[in-house]
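Note that ligands are numbered from 1 as they come in the structure, with each ligand's atoms numbered from 1 the same way.
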Amino acid sequence: MPNPETAPAKASNFLRQIIEADLASGALQGRHFAGQPGDAAALAQAPLDAARIRTRFPPEPNGYLHIGHAKSICLNFGLAGDYGGVCHLRLDDTNPEKESQEYVDAIRDAVRWLGFDWVSAGVSHEYFASDYFDFMWRAACALIEAGLAYVDEQSAEDMRRNRGSLTEPGVPSPWRDRPAAESLQRFREMREGLHAEGSMVLRARIDMASPNLNLRDPALYRIRFAHHHRTGDRWCIYPMYTFAHPIEDALERITHSLCTLEFEDQRPFYDWLLEHLAALGLLERPLPRQYEFARLNLASLITSKRKLAQLVAEGRVKGWDDPRLPTIAGLRRRGYTPGALRLFAERIGVSKSDSWIDYSVLEGALRDDLDPQAPRAMAVLDPVPLVLDNWDEVIGAGRLEACQAPVHPHQPERGQRDFQLGPRVWIERSDFEFEPPKGFFRLYPGGRVRLKYGYVVECTGAERASDGSVLEVHARIVPDTRSGTPGAAAVKVKGVISWVGAADGLAAEVRLYDRLFLADQPDAGGADFLQALNPDSLRVVQAWVEPSVAAAAPGTSFQFERHGYFVTDSRDHVGGRLVFNRTTGLRDGR
Ligand code: ATP
Ligand code: MG
């Protein structure tokens, strides 16, 4: 975690201004909380909340988290950390069908990996919305008794039609004014499983003529005979998100409930509900407040759990942690670091208007984070042999030359890497041309180049296969030109190439990833995003790498000189097998 003493001051934004104003005005005072969510009566027994603010990150455990969630995690945990507050991890599991323990575990893992923790002063602030089902039931009954909710038995179709439109007011349901006792009776029957799915719902009783459609008697509870991953078959009615979410915030004494802009129209209902429940004595004041910020949209990426789930289920990618996916698990396996994602979140900031962020901003943060950390290494991704024909005369038959290079060019204290130069080395196929185009300063017949950290060599030609492809390049060492020896610089060359010795190079599988979608907005306007899949998003090559990478644990990043950043694969780089994922190039190349 960044040290607050030395970290640069963070840029202000509208959320920071709101929090600072709330702290200054005392608007947040009087909240009781000691880690146990509760109603007004229970909280009255608790001490005053020691946390200055409370935020929450409330994912639904119906998939793996993605880069958009990373923005929300950094925002919620970051603000809590900066203002002496606490951020809760809330599993918003009110929708039984698609939720599972696997997703709960993946969410915990992603938040922790990003460097955040919901345990504060020894108290765990991990909560499950399903733990509040009893309270939600009670709150719904209280609303019915107060004439603020009713059971509607219209068909779903009638309900939709009678909701009206932006230009026409809604038509009240024939059940709207039924006696509270009757609604209550029906609501109990719903809970007891006496009615079919879709036959009736509980609705708030607000205003069928409201210009805000969300206030035209929104549904609060529906019947679902579904098994819940935590409450089992205890319930066959489940609260709607719009009803559940404000209550979850209130029970947990959240002060600032941050959500994305599409919930702006829900805010009046959020306030309506909490005000009434507080007036009924069920919730403690001051009440949480909702604030909206722009969601993260990244060009060429899909960030919808539903669509990501489809890619996984249909086998278009290899699992939720496929390095081509913008899931946190995928980004991690691709070689993204927690620091890079936090830096990215800091750079994009928060605003109140939607915008598209260019992918280069994400990669820029990644390179800035990796550059000072990643050890350097040489690798040849498209290998062709280079034979040094005068090796025996100049160096000696059977001899190898020990070469050295810094682990990191700007951090000499990190020491040196060792590798051997011999009569045969691997070079990149693209570093040789029979007929060099203008400005090509690498190997071509008669051309001179420096083998990085080694000798200057002069190319004498190459052997070709019958199809014209190069089989083997030949060159001669220019004596007395070895890097780091006196007079080595006397022979000037315009090109330097990387290489890996045939004597000590290690064979490696390298997975070269490209964008998963060819379109910048693959799902814009409801387009079929599968049509935009890039058929060449993964290319696997057999490469050679220098011996210094031999002992790297899975998940270790390197900069392969001239090529970019690569990471050892977290699954397959095991048992002596070397498997690298390309994280990103050295420059923006998308
Ligand atoms: P999806 O549409 O991918 O399923 P979601 O919003 O339904 O996403 P939730 O699990 O409900 O997923 O999200 C948890 C939190 O993450 C919410 O507070 C939501 O606002 C936030 N979040 C989700 N996607 C983004 C995004 N692209 N940018 C910023 N915040 C996001
Ligand atoms: Mg959701």
Would you call [X]-[Y] a salt bridge at under 4.0 Å N-O?
X	Y	value
Arg253	Asp49	no
Glu346	Arg342	no
Asp22	Arg52	no

Within the 4.0 Å heavy-atom shell around [X], which atoms of ligand 1 are there?
X	result
Thr303	3 (O)
Ser304	3 (O)
Pro59	10 (O), 14 (C)
Ser72	16 (O), 21 (C), 30 (N)

*Quick one: does Phe263 get a heavy atom under 4.0 Å from ligand 1?*
no

*Listed by chain and number, what are the salt bridge (charged side-chain N to carboxylate O under 4.0 Å, His left out) partners of Arg285, not counting sequence neighbours?*
Glu275

_Quick test of your reading of the structure: of His69, Glu60, Lys307, Arg306, whose heavy atom lies closest to atom 8 (O) of ligand 1?_
His69

*Short N/O distance, under 3.5 Å, between Lys305 and ligand 1?*
yes

*Got an N/O contact under 3.5 Å between Pro58 and ligand 1?*
no

*Taking the six-membered ring for Trp and the full ring for Phe, Tyr or His, determine whether the centres of Tyr221 and Trp137 are under 6.0 Å apart.*
no

*Let me know which of Glu126, Glu252, His125 forms a side-chain hydrogen bond (donor to acceptor under 3.5 Å, both in side chains) with Arg90.*
Glu252

*Which part of His66 is near ligand 1, with near meaning a heavy atom under 4.0 Å away: side chain, backbone, both or neither?*
side chain

*Once the angle between the rings of Phe269 and Trp272 is folded into 0 to 90°, is it parallel (under 30°), tilted (30 to 60°) or perpendicular (over 60°)?*
parallel

